[in-house]
Amino acid sequence: MSFKNIVRELRGRNKAIGRRGRSHIAPEGSTLSSPSMDDCLDQSIWVDLPPELLLDIIYRIESGQTSWPGRRDVVACASVCKAWREMTKEVVKVPEISGLLTFPVSLKQPGPRDDPIQCFIKRERATGIYRLYLGLSPALTGDKSKLLLSAKRVRRATGVEFIISFSGNDFSRSSSNYIGKLRSNFLGTKSTVYENQPHPVRSSNKKLSQTMRVSPWVTSSTHSYSMASILYELNVLRTRGPRRMQCIMNSIPVSSIQEGGQIHTPTELPNLGSKKERGMMGFFSGNLGGESSVKEPLVLKNKLPRWHEQLQCWCLNFKGRVTVASVKNFQLMAEAGKDMNIQEEEQERVILQFGKIGKDTFTMDYRYPISAFQAFAICLSSFDTKPCRLRMN
């Protein structure tokens, strides 16, 4: 049988599974919603394939589909059965190595170290919804753009909140699509990124740290923990010039960008008890032991633009990715202290850049050590425009 026929049959099987449940990789130790589905998979002709042949099939499918929508064939392979799932996890590399986004967990894994992952954000003013797509721009990818994350803006009495979801139209906090939120204060000078996580394993006498306490706007069953803080310089007098911002990544140690530094990369779903808790939200970017904050967190600062005499405006080199001047445009780099062993090249590397290319279209490029979820949340804070933090060009 040719590989095209194999992929076609896997797609059909994946659609059949999708009508009964989610088509992502099932968590370890979990049971599917329907017993008949297990029987169907166990009796599949693909279960008893020799491991060498199975590895070759998955490897050739994975290497041949490096972009969406063709990448869905890899997801179909992981949805066949446990043996295929385990083999697919061995073949598919994390974004830090491959530079590819395949499964939902990829959105919470650090980006590649070299070339950034290029995305764009589309804003819907009428509904207050922001959607993150994988691709260079809407003009180049069109309808084939892969939706990664969505956020809905909600006004509160004390600030603005962005509810972030895996789905394009499901923003319920009780849904398994709920991934986290961004909340800003009334002045718009501080925004906090909360990530939805299962309860950490801890003794009954041990109390949660200040940064891990549940948000007052979230019920105790939601388990949202602070993972990053975004600070904007207060500009009460509305003086002219570029605005300044700083991001404190509570879940990323500064050692991750030092020579030989590494960061924890989630690859498994935790073995949760209830069916409601078994879902994509088992993937989280904090430590599996439950610590969501580190002693020496990574601090990002915006790269200061230079004044262009001919254009009479502040400019940054976005390498063609930004075409419209806007106060929202920024580039973030690592802030290095005197005692930190960080190479000069790493200090000048742009970790996240965000800029405007149309009336309601923006580009977002990110790389190691932040994830797509973290980058998207930081960019959302730029949409929360307040007079006290605006600076005019």
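Excluded from the calculations below are hydrogen atoms, water molecules and symmetry mates; all remaining heavy atoms, backbone and side chain alike, are included.
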4.5 Å side-chain heavy-atom contact, Tyr368 and Ser256: yes

Nearest-0.5 Å distance, OH of residue Tyr366 to SG of residue Cys119: 5.5 Å

Listed once per pair and sorted, the salt bridge (charged side-chain N to carboxylate O under 4.0 Å, His left out) pairs that draw on residues 96-105, sequence neighbours left out: Glu96-Arg113

Minimum-distance pair of heavy atoms, taken over all atoms of Pro112 and Asp115: CG-O, 2.9 Å

Enclosure of Phe318 CZ (heavy-atom neighbours >12, cutoff 6.0 Å): yes

same_hphob_cluster(Ile117, Leu148) at 4.5 Å side-chain heavy-atom cutoff: yes

Cluster overlap Val254 with Ile248, hydrophobic side-chain contacts below 4.5 Å: no

Atom pair OH/CZ of Tyr130 and Arg125 - distance to nearest 0.5 Å: 8.0 Å

Minimal non-hydrogen separation, Asn177 against Ser167, with atom names: ND2-CB, 3.6 Å

Leu49 vs Trp84 side-chain heavy atoms within contact, under 4.5 Å: yes

Validation row: Ser381, Leu182 side chains within 4.5 angstrom (heavy atoms): yes

Value rounded to 0.5 Å, distance of CD1 in Ile230 from CG in Asn302: 12.0 Å

Main-chain N/O of Asp170 paired to Ser165 side chain as donor or acceptor, under 3.5 Å: yes

Smallest separation among heavy atoms of Ala375 and Ile370, with atom names: CB-CD1, 3.9 Å

For Phe330, the option from Leu316, Val350, Leu352 that meets side-chain contact (heavy atoms from CB on, under 4.5 Å): Leu352

Residue pair Asp365 / Pro116: nearest heavy atoms and the distance that separates them: CB-CB, 4.2 Å

Between Ser172 and Ser174: side-chain donor-acceptor atoms closer than 3.5 Å: yes

Check: Leu147 main-chain N/O paired with Arg131 side-chain donor or acceptor under 3.5 Å: no

Interatomic spacing from CG in Asn196 to CE in Met227 - rounded to 0.5 Å: 11.5 Å

Within-4.5 Å side-chain heavy-atom neighbours: Asn250 and Glu195: no

Pair Leu304-Arg244, side chain to side chain contact (heavy atoms under 4.5 Å, CB included): steps then yes or no: CA-CA 8 Å; Leu304 296 180; Arg244 299 171 182 266; 3.6 Å; yes

Glu161, Lys181, Arg183 screened by side-chain hydrogen bond (donor to acceptor under 3.5 Å, both in side chains) with Tyr194, the one that passes: Arg183

By side-chain hydrogen bond (donor to acceptor under 3.5 Å, both in side chains) - contacts of Ser63 (at least two apart): none

Val193 and Gln374: CA distance, side-chain angles, deciding distance, side chain to side chain contact (heavy atoms under 4.5 Å, CB included) verdict: CA-CA 8 Å; Val193 182; Gln374 294 166 335; 6.0 Å; no

Close side-chain approach of Ser150 to Phe171, heavy-atom, < 4.5 Å: yes

Closest contact, heavy atoms only, Val322 versus Ile357: CA-CG2, 4.0 Å

Same apolar cluster: Met333 and Leu300, side chain cutoff 4.5 Å: no

Euclidean distance, Ile164 CD1 relative to Leu149 CG, rounded to 0.5 Å: 7.0 Å

CA sep, side-chain torsions, deciding dist, call: Val294, Glu296, side chain to side chain contact (heavy atoms under 4.5 Å, CB included): CA-CA 6 Å; Val294 294; Glu296 297 183 4; 5.9 Å; no

Side-chain donor or acceptor of Arg71 paired with backbone N/O of Phe103 under 3.5 Å: no

From CA spacing to verdict: side chain to side chain contact (heavy atoms under 4.5 Å, CB included), Arg349, Arg367: CA-CA 10 Å; Arg349 187 188 299 271; Arg367 58 158 49 97; 3.5 Å; yes

Check: Phe376 ring centre within less than 6.0 Å of Phe162 ring centre: no

Validation row: Met87, Ile57 side chains within 4.5 angstrom (heavy atoms): no

Shortest non-hydrogen separation from Gly135 to Phe120 and the atoms involved: O-CD2, 3.6 Å

Met245 and Ile378, any side-chain heavy atoms less than 4.5 Å apart: yes

Salt-bridge criterion met for Glu62 and Lys93 (N-O under 4.0 Å): no

Partner of Ile129 by side-chain contact (heavy atoms from CB on, under 4.5 Å), out of Lys122, Glu124, Arg153: Glu124

Ala334 backbone acceptor or donor facing Glu346 side chain under 3.5 Å: no

Separation between CZ of Phe362 and CG of Asn329, rounded to the nearest 0.5 Å: 8.0 Å

Phe354 side chain reached by Thr363 side chain, heavy atoms, under 4.5 Å: no

